[in-house]
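Read the structure below first, then the notes.
Whatever order the structure lists them in is the order used to number ligands and atoms, beginning at 1. Keep in mind that the numbers below use all heavy atoms, side chains included, and drop hydrogens, waters and symmetry copies.
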Amino acid sequence: MTNNKYVLDWIKSMAELVQPDGIEWIDGSEEQAQKLRDIACSTGELFKLNEKEYPNCYLHRTAVNDVARVEDRTFICTRTKEDAGAINNWMDPKECYAKLTKLFRGSYKGRTMYVIPYSMGVVGSEFSKIGIELTDSIYVVLNMLIMTRVGTDVLAALGDSPDFVKGLHSKANCDKENRYICHFPEDNTIWSVNSGYGGNVLLGKKCFALRIASYLGRKEGWMAEHMLILGLEAPNGETKYIAAAFPSACGKTNLAMLIPPEVYKKAGYKVWTVGDDIAWIRVGKDGRLYAMNPENGFFGVAPGTNSHSNYNALMTTKKNCIFTNVGLNLDDNTVWWEGMDTPAPANALNWKGEKWDASKYDKADKVNTSCAHPNSRFTAMATNCPCISPEFNNPKGVPLTAIIFGGRRAKTAPLVYESRSWQHGTFVGSIMASETTAAAAGAVGVVRRDPMAMRPFVGYNMGDYFAHWLEMGKKTANPPKIFHVNWFRTDAEGHFIWPGFGDNMRVLMWILARCAGKVDAVETPIGYVPKPEDINIEGLDGVTLDTMRELLTVDRESWLTDVENIKEFYQLVGDRMPRELYDELATLEANLKK
Ligand code: OXD
Ligand code: MN
């Protein structure tokens, strides 16, 4: 398929290492994909679902010990430890190559090596980057065919260039003790072994489009961020674009595919999805930031997806979809997960493939008692999505009006606030955090700092990453405004105060009004907060002006506690923490003590 000598030499040396029975190049054709689906069905790697209800859809089950990303086994292997920084796990590249070489040696024996040439982003766009993944898993091939742009045109675009990310994957024996997800940013290389779970093995996604790309972005003057991109179209046809970063499990896919509440729908507003997970961002000639989604599909969390929480995502899963670790309704060969609109099936297999007993379901032990694994997934084509943006394939990306950071905070963060400048906005991103509810009864939320939702995904030193953010602001004449939102404030009884889901659009409307200079705000120690009456609550049951006041208060005591936690985190990041962000932290503390 190519004469590129860098590609051919690399594949030859990798094949000598892993020793496959044969090599098959993936050309992106439907015929080849169907042949692979048929093989996977014959070996039990895939199970074909009801063709009428779920045309061309399949179910896959991973090994029981292999159901999520493994942050403790994910390494950034730069030559010096400082370049990876204290937030990342680091291994010396020589040591890591040696260790993994032993694990890879002969690991493809009896298997085929699939060669997947793929593009992150529209083939040929100046935003886009090319990777080649070698894998021994048909499941990986079929997922990559959905999540990225694969095939011969990618190799044509690469030509004879050495500029591609070299990804080597083997599910090997799925041995948990020898599972490694290793990144060598200085070599444009990713090695992943002993896993078959998407986030660890679809190397275009977190490994390339975030970890390697963030490193390349710093070197080349652009950004790779863990952000959704959405377009909000006003009745006059004008669309404004927003990118938003949230830690995992904060409803990113739901926000990306939001359905406007009735008041806005009636008036003619629409929301378009450009991406639900990753944004590559560059400065345009007009001095604005442009964002592009490098992916071609969605790898979404299935449980909780229903017609209320995310109608568009649900529709996206109805054809040409691969489900991983969901439940199987044996009566009609359809899928089921907790939180679906339909009642629990009486005759079903759980995510492990065992007979499932709905009466044993225990919220405190979902992994062992639920039908679908809590992290079960759907892999679906972006073009299946009813609200996919007409700009999805625009090689130039879309201009950003606002950037939003978000977290899950019970008390500290108000529903929304606006930063005072790019530098302050970078600070706001750097102090992002989420509270996890500890499993033990009565335990309080544990704060995990997750700057820009990138804690597990920055491919270099976090201090340098913050400095790069500040640098990008200096290079951008007309930067987007930066906001922070929190959909998860709770009342004294622990109930969420804000309805969330589609109603989050009410907050987006305030954000866009601020960007257009059309609405005032109140200055507080943390930034600008809306006047309670400026968020439209028309048609919202049980939400009053008093509710809005409660959602928008800035509680100095909990912020001062947070400041101490931020100081600890900054110290952990270490020497490369930019002085400007320490200045912002000092300003915040002084404002709170005024
Ligand atoms: C994801 C994640 O799977 O952020 O997108 O964990
Ligand atoms: Mn993600």
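- An angle of 90° is found at the Mn ion (ligand 2) between Lys206 atom NZ and His226 atom NE2, rounded to 10°.
- At least one test fails for Lys252 against the ring of Phe246: distance under 6.0 Å to the centre or angle within 45° of the axis.
- Taking backbone and side-chain atoms together, Ile278 has no N/O/S atom less than 2.8 Å away from the Mn ion (ligand 2).
- Relative to the ring axis of Tyr290, Arg282 does not place its NZ or CZ within 45° and under 6.0 Å from the centre.
- A cation-pi arrangement is absent between Lys205 and Phe208 under the rule of less than 6.0 angstrom and at most 45 degrees off the ring axis.
- Ring to ring, Trp469 and Trp422 are close: their centroids are under 6.0 angstrom apart.
- The immediate protein surroundings of ligand 1, defined as residues with any heavy atom under 4.0 Å of it, consist of Arg69, Lys206, His226, Ser248, Asp277, Arg377.
- Relative to the six-membered ring of Tyr180, Arg73 meets both conditions, a distance below 6.0 Å and an angle of at most 45° to the axis.
- For Asp277, the N, O or S atom closest to the Mn ion (ligand 2) goes by the atom name OD1.
- Legend: salt bridge (charged side-chain N to carboxylate O under 4.0 Å, His left out) pairs involving residues 219-232, not counting sequence neighbours, sorted by first then second residue: Lys129-Glu220.
- The residue from Phe457, Phe405, Tyr465, Trp280 that alone fulfils the ring pair (Phe, Tyr, Trp, His ring centres under 6.0 Å) condition with His226 is Phe457.
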